[in-house]
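Some notes on the structure that comes next.
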Amino acid sequence: MLILILTTIGYGQVYAQKLNRIEGIVVDSLGVGLKGASVRLVSSLDTVSVLTNEHGFYTLSKIKSRNVSVTYSMLGYQIINKLITINLLTDHVYVPRVKLLPHTHLIPEVRILKIIPIIQKGDTTIYNMKAFNYEKNAMLEQALKNLPGFRILRDGTTYYNGQVIAGVQVDSKKFFNGDLLTATRNLPADFVKKIEVIDYYGDVSEEKGIKNTEPEKIINIILEDNRKEITFGQATIGSGTRDRYLGSLGVNKFNNGQEMSIIASVNNTNTSLFTFGSPNGTGGRNSAIGDIGDFSDQSDGLNKLSSLGISFSDSIGRFITISGGYTYQSKQNTTEGNSLLTSSYLGYKIRKSEDFLRKSHDNSHKLNFEINSKFKNQDILKIVPTLTYNNFINYNLKSTNLRNYRIQEFGNNLDTSVVNTPNAEMTVLYSKYFQKPGRKLIGEMKFNFQSMGKDESVTENFLIYDSTGLNPLVNVFNQRQLLDTRNEMSAYKASMSYVEPFLKHSLLEILYDFDITNISAVRMVRDPFRLDEGPIDSLGVNYSYQFRSNKTGLNYQYEPNDLFRVNMGLTVQPINLSGSVKGDSIQYTYNNVNLVPSVNLKYRLNKDLDMEVNYLGRNSQPNFYHIIPIRDNSKSRDIVVGNPYLKAEFNNRISLLFRKLVPNRAQYFQTNLAYTFINNKIVTSKRAVSNETIQETTFENTDGYYDVKWYYFFNTPFVNDDFQLELSGNVDYYNNISFINTLKSSTKQVLFNQNVTLKYTWNEYFESVFNTNYFLNKAVYELPYRNEIEAHSYLLSLGSKGYISERLILGAEMSQKFYRGYASELTDVSPSIINTYIEYNFLKNNMAMFRLQCYDLLDQNKNVGVFTEYIGNDIIESRNNRLGRYLMLSLNLRLQTYPNKR
């Protein structure tokens, strides 16, 4: 008996020293596991709390006591308490399933201490601006940089989760005709209550309720309630070294839906208030997300910019809203640089190196107006007329060294031109309302008229050394042409859709689209030394062309809930291309009938994860310059011949997208894979002979082109909410087709890009961002022989700014980029860019600010406009001048007034 007692005591001491574990599952009334339920254990020796995982499971570890109390709770459910005793012979207890039943009760008044930063509602993501830190008195562009998923390049191009933002609204109304740059660089951030990022499918799709097109990203800026009746503005003036200057003025008046804005700017620092007139607002190259973190100026050459914009919106009665505006932009550009073009043929290469000077003056005007009416019977009418006019003056001087293995040519080319392009277009949309929900009749008409007049003078002079024969020859080539080109284009498009709901959760659309495009072109070429002989008939043309398409089809959409949507469609599209030369009996015609299927499937696997599958087919008509039947030898060494027998391309695109958003953690992941193949792809066909440096290019239809593109984007808080990590990258593979001396050739090209960004925001007084990027452009040629070439770039950058005091801000940006290209003498550069600035705020409410800025402290940006491209059998590499070092002192004033209270 004594032995038994001692043994029992010994076992008890051993087990008392062991740590125990409790596991179980929490479910709802249907037996489905509850994610995020609270499980709290309390004993004389322990206090442990955990949350259940996505399947409702939980584990309580390192429990010292054998008698414990466990409480299960979740908002909206009843609270359950359990007393659990752990047996001496085990250290692991599995608790039977715990079921929480719904429970409703009145909640007393609660003071909200933290605003939910991000909310997801269907196709819209909402950011509550008060939940984020940003600089006091910051403009909206600066504040957006602190929102998860937003990235903004130096030229103002804005990306959200890797996709470019295409338009903007203010309180659901267009602001400056949807120009994003104007809104973000003129609206103060503290005026903004929320930012909505919207997947916008277009006016017609939104009216139909059938979302079978690819959406674009737009943002809707919701103003604070106390900022809907306010007059505000800002003025900036600055002067710097190297004759740099900057001036801008903006005045805005908001009055509960009535808005009026006037903005003007003049500068020679590549700063624009508008994106209108060029892809990035300053006339540089198109920006890409890989340029994030590159603090160099991406605009080629030196630019003088002048901008003026007027915008308004108002309501007429209860049912009509109007908006419109006028924008003007003048850009004077001077670009100097050099380039190398290598064209490879079987047994020889043609190399052309050039030093060039380009001067241009681009004047762009745009007048737009929009009327939106919603009648008493709920019918909708939308009318959008737009007028634009562009005047472009160009001066292009080139010094050329052109050679193959037996011929070498030295020459100059001077090309001057004046181009005038007026354009008028109108869109009319009408949506008929019916008593039956979901039934709609929608019609849309588009009219577009464009005219282009171009007066051009081209002069070429070459000194030719020819060693083809036994005796070397020296020849001289001189050519001067006066070109007079007049083109007119008119396009008429009309569509009608009838949408009928049937069964349950289903919509059926019957549609008809009509599209007709007429183009006429008159080109006359004269020799200025023989003007009395009139135009040169062999180089001129009077050509008429028409593209006609009729499309009839059905679309079916099934959407039983918020988790699943599928669209399937089939259209029949007869197309006709016809062209003729005045005075010629030959008629160029092409007829075809395309069956165009479309599929869009969207499935939300859970509230955070969704996937999308798409297939879309569409026609693309040839570019007018591809089909006009003339021989253009204004560039005597690069002759272009149009092909009037070209057919329309047919594009097939299949894409797969996965997307996961966790708003309460500010995490987002997206990846998509797309495969495109094109029937009757329009490609170049080049030919040259071995004893010449002259190349002739024409165009042909062929099959075999395809591309595969993969992209991903991920951002998440890192360590804690002060750090934001962003990863993005893409791999694009192209199987390009071309013809070289009548032989079909493929060029396999890979573009690889990887970007990593780590952003640290301590508070509104300090922030920094680190960025690194790697880019590879690799191509493999089949003809004239197998050849592999590649170009690389690598970027490291760091930027930070902070408050030295309540009124003093100090900032610095540093980036180091390495280029390694095919032509090392042009592209192997490694610019180090350092920008610094100091800002001092003064007067009441910091309404005034002095800013001293030093751009490109080491003066290394001025000659690093590197460009690499592979086309057919051509390798093109160039290097242009850019904006260099300067210091600037500027003064900014901000004013705002509120209406008198009555």
Side-chain angles (χ1 to χ4, degrees), residues 332-341 343 350-362 391-404 407-421 452-466 468 473-487 521-543 581-582 624-625 628-642 686-689 691-698 876 878:
Q332 300 179 54
N333 174 268
T334 301
T335 301
E336 297 180 75
N338 44 62
S339 65
L340 176 63
L341 168 63
S343 303
I350 299 176
R351 291 182 173 90
K352 180 169 67 173
S353 59
E354 290 183 330
D355 296 321
F356 54 83
L357 170 64
R358 291 195 297 261
K359 295 183 179 181
S360 64
H361 190 184
D362 190 357
N391 172 259
F392 184 77
I393 302 172
N394 182 62
Y395 171 92
N396 192 356
L397 176 63
K398 298 179 181 179
S399 177
T400 304
N401 182 350
L402 186 64
R403 64 192 184 276
N404 65 12
I407 300 176
Q408 188 164 5
E409 302 180 355
F410 300 93
N412 295 301
N413 177 289
L414 176 60
D415 184 350
T416 60
S417 61
V418 178
V419 183
N420 295 296
T421 310
M452 190 275 286
K454 182 178 182 181
D455 296 311
E456 185 177 14
S457 174
V458 181
T459 302
E460 288 185 313
N461 303 289
F462 283 101
L463 182 63
I464 305 170
Y465 296 90
D466 188 349
T468 303
L473 300 176
V474 179
N475 297 313
V476 176
F477 175 85
N478 296 304
Q479 175 179 282
R480 187 177 181 190
Q481 293 183 350
L482 299 178
L483 296 91
D484 184 0
T485 304
R486 297 292 180 266
N487 295 344
V522 177
R523 183 177 189 264
M524 292 185 293
V525 181
R526 293 180 173 88
D527 186 338
F529 301 108
R530 300 177 180 177
L531 291 176
D532 56 331
E533 297 181 5
I536 303 172
D537 292 339
S538 61
L539 301 179
V541 72
N542 188 339
Y543 184 69
V581 177
K582 185 176 181 180
F624 180 66
Y625 294 99
I628 186 168
I630 59 170
R631 181 182 178 86
D632 183 359
N633 70 343
S634 56
K635 297 179 180 179
S636 62
R637 270 50 190 161
D638 295 290
I639 300 171
V640 179
V641 181
K686 295 181 65 177
R687 69 178 184 88
V689 293
N691 61 345
E692 292 183 4
T693 57
I694 299 174
Q695 301 180 77
E696 183 176 290
T697 302
T698 187
I876 306 168
S878 68

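In this chain, residues are counted from 1 in sequence order.
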Without placing hydrogens or testing angles, list every side-chain donor-acceptor pair under 3.5 Å for residues 525-536, not counting sequence neighbours.
from	atom 1	to	atom 2	distance (Å)
Asp527	OD1	Phe529	N	3.0

Checklist entry - What heavy-atom pair brings Ser343 and Lys686 nearest, and what distance separates the two atoms? => result OG-NZ, 3.7 Å
Checklist entry - Partners of Thr485 by side-chain hydrogen bond (donor to acceptor under 3.5 Å, both in side chains), sequence neighbours excluded? => result none
Checklist entry - Is there a donor-acceptor pair closer than 3.5 Å between any side-chain N or O of Gln479 and the backbone N or O of Asn633? => result yes
Next on the checklist: Before you tell me yes or no, could you show the steps for Asn338 and Lys398 under side chain to side chain contact (heavy atoms under 4.5 Å, CB included), namely the whole-Å CA-CA distance, both residues' side-chain angles and the distance that decides it to 0.1 Å?
Outcome noted: CA-CA 9 Å; Asn338 44 62; Lys398 298 179 181 179; over 6 Å; no
Item to check | Note, Thr697 side chain near Asp638 side chain (heavy atom, < 4.5 Å) | outcome: no
Checklist entry - Which pair of heavy atoms, one from Ile630 and one from Gly540, lies closest together, and at what distance? => result CG2-O, 4.1 Å
Checklist entry - Looking just at side-chain N and O atoms, do Asp362 and Ser360 make a donor-acceptor pair shorter than 3.5 Å? => result no
Checklist entry - Roughly how far apart are Glu336 CD and Leu357 CG, rounded to 0.5 Å? => result 5.5 Å
Item to check | Test applied, side-chain contact (heavy atoms from CB on, under 4.5 Å); reference residue, Ser457; option that passes from Asp415, Val418, Leu482 | outcome: Leu482
Next on the checklist: Is there a side-chain contact between Arg631 and Ile639 in this structure, where contact means two heavy atoms from C-beta onward sitting under 4.5 Å apart?
Outcome noted: yes
Item to check | Min side-chain heavy-atom separation Arg523-Ile628 under 4.5 Å | outcome: no
Item to check | Heavy-atom closest pair, residues Asn487 and Ala521 | outcome: OD1-CB, 3.1 Å
Checklist entry - Side-chain contact, heavy-atom cut-off 4.5 Å: Tyr395 with Leu397? => result yes
Item to check | Contact check, side chains of Glu409 and Ile407, non-hydrogen atoms, under 4.5 Å | outcome: yes
Checklist outcome for this item: Distance col, row Asp355:CG vs Ser399:OG, nearest 0.5 angstrom, shows 5.5 Å
Item to check | From Phe462 atom CZ to Asn478 atom CG, the distance as rounded to the nearest 0.5 Å | outcome: 10.5 Å
Checklist entry - Atom OG of Ser636 and atom CD of Glu460: how far apart are they, to the nearest 0.5 Å? => result 3.5 Å
Checklist outcome for this item: Scanning both residues in full, the closest heavy-atom pair of Leu483 with Ser634 reads CD2-CB, 4.1 Å
Next on the checklist: I'd like to check Arg403 versus Ser353 (side-chain heavy atoms, cut-off strictly below 4.5 Å). Are they in contact?
Outcome noted: yes
Next on the checklist: Can you tell me if Arg687 has over 12 outside heavy atoms packed within less than 6.0 Å of its CZ?
Outcome noted: no
Checklist entry - Aromatic rings Phe410 and Tyr465: how do their planes relate, parallel, tilted or perpendicular, breaks at 30° and 60°? => result perpendicular
Next on the checklist: Within the 4.5 Å heavy-atom criterion, are Arg637 and Thr400 side-chain neighbours or not?
Outcome noted: no
Next on the checklist: Working note: Asp455 + Asp484, criterion side chain to side chain contact (heavy atoms under 4.5 Å, CB included); need CA distance, chi angles, decisive distance, verdict.
Outcome noted: CA-CA 5 Å; Asp455 296 311; Asp484 184 0; 3.5 Å; yes
Checklist entry - Atom OG1 of Thr468 and atom CG of Asn404: how far apart are they, to the nearest 0.5 Å? => result 7.0 Å
Checklist entry - So do the side chains of Asn401 and Gln408 get within less than 4.5 Å of each other, counting heavy atoms only? => result yes
Checklist entry - So, Asn461 versus Thr459: side-chain donor-acceptor pair below 3.5 Å or not? => result no
Checklist entry - So how far is it from Lys352 NZ to Leu340 CG, rounded to the nearest 0.5 Å? => result 10.5 Å
